[in-house]
Amino acid sequence: MNPPTPSTSPTPSSLVWPIHIEVRLSPTSTARFDTIRNAVHQYICKSFETIALPSKLDGWEDVPVLASSVEQITACESSSPTSYLPVAQASLQIHVYQPTDGDTVDGFSAGLSSDGEEVTAASVCELPSRQWEGLWDSLIFSDDTKSRLLDYIYATVLFSDANVDFNIVSWNRVVLLHGPPGTGKTSLCRALAQKLSVRLSHRYPQSRLLEINSHSLFSRWFSESGKLVQKLFGSVMELVEDEDTFVVVLIDEVESLTAARAGAMAGTEPTDALRVVNALLTQLDKLRHKKNVLVVSTSNLAKAIDSAFVDRADIVQYIDLPPPEAIYVILRSCLLELTTKGVVAPIDVPSLEEARYFERTTVTIDPSVASQRPRQIAIHLFRLAQKCRDQKMSGRSLRRLPVLAHARYINLGYASPPIAATDSAAQKTVNGPNAPGPSGLGAQVEVWLNAMEKVVEGQAGELKRFDQ
Ligand SMILES: Nc1ncnc2c1ncn2[C@@H]1O[C@H](COP(=O)(O)OP(=O)(O)OP(=O)(O)O)[C@@H](O)[C@H]1O
């Protein structure tokens, strides 16, 4: 999406590429968004010749109007083929936003069941929300899944704006993400909703994420699920009636709502199941005419989903287990977080690109040479990533490895925050023999990597026993 805007000369250097700049305001800021937008535009044009993508910009702290209101400025993606773009060739798309304080989640009633009890079938969250900040960037996939989803939305907005005749060219505003458990499907849906609330804020001043718990809705109120789905979507429709609000409807485990129709038609499933699927499909068909809604759904059991639902999905995206490169980035993000918080001693952890370079170039490593440490760490982390891949680990399993590694092999003891470097005797006593390095807080990175490796090997053994 966002194709380059050709200018007078046809040479590549005369193309202008849109760059998305996201500006997060502090909770206390009362500044007008357009004032901030103009100030950011001026600051970027004055301060930079080239912008790295993606990157966090700095230096804005010296601009008083920004210093008093802004928390973070991020240069996100661009459709430009390079990751360094001259500002002269950039059309800055500046998105200013002020996230709400997180816990604005309300229960969402689907009405009363026949015994008069209120059914909380969904939760609603105001967006952008602090609880989903950073989620988009934390999700690592091997392909361009994230940009494909964003581009799809931009395409639908473009078509809607152009008033394309829906009888001739139509789309359903439904996305289906499917794949093994723990691969980031639900997180990606939430992160996408957050991203859209920021990116579309110029046309939709408000955004809401409505999460439907399809499983509990279906299992608990089996005999009346069809009616409840209808009521729930009736309320969604009310929310969507406000054309200033963009609504993302997340249906997790969609197979539990849509699984049964084929069986029902063959006479092997109860008719209630048939009613649920029919109700859902009818409601989706109504929603597709609304510009300000997107339905995102996830499933671990794609084969169980009703084909009529799959057919309605504009994008059906398989989300696979992470490959070694993605695992490297996920583990690196864990390590960086632990070094930042003082649980692991501070260290430069090579980026994926640097690690790839180290892998390609062989040198004899001398552990006593300090300058070779990043290379050693990168190679060790890569080896760990490969082991995780051999175990077919999901993103969820990867993110819990550090806590298991500390619990089992680093023996931090009960010291929080870790004891300061000056008190080395106390460190050894409280944090255990492996924990703090001589340089300061936290365990040495090599100790951490070995511990992580042991956990992965241990899990392999457990899984073998589980399979027997
Ligand atoms: N590709 C990934 N990159 C980074 N983190 C990931 C990735 N996949 C999963 N995670 C992390 O794993 C955790 C679980 O992810 P999530 O619940 O979104 O997975 P899911 O696919 O929806 O799982 P399920 O199908 O079991 O509901 C999250 O904390 C998420 O950050």
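No experiment lies behind these values; they were computed from the predicted model shown. Along the sequence shown, residues carry numbers from 1. Whatever order the structure lists ligands and atoms in, that order sets their numbers, starting from 1.
Ring geometry for F246 versus Y204: interplanar angle of 30 to 60°, hence tilted. H95 and H20 have parallel rings, their planes meeting at less than 30° on a 0 to 90° scale where 60° marks the start of perpendicular.
In the model, E453 has a side-chain atom that pairs as donor or acceptor with a side-chain atom of H380 under 3.5 Å.
Screening residues 282-293 for salt bridge (Lys or Arg N to Asp or Glu O under 4.0 Å) gives E241-K290, D285-R312 as the qualifying pairs, with residues at least two apart or on separate chains. The salt bridge (Lys or Arg N to Asp or Glu O under 4.0 Å) contacts involving residues 178-193 comprise R190-E211, where partners must be two or more places apart or lie in separate chains.
In terms of the side chain to side chain contact (heavy atoms under 4.5 Å, CB included) criterion, residue partners of V329 (sequence neighbours excluded) are, by chain and number, I140, L352.
Protein neighbours of ligand 1 below 4.0 Å, counting non-hydrogen atoms: S138, L139, I140, F141, P181, G182, T183, G184, K185, T186, S187, N300, I330, G395, R396, R399.
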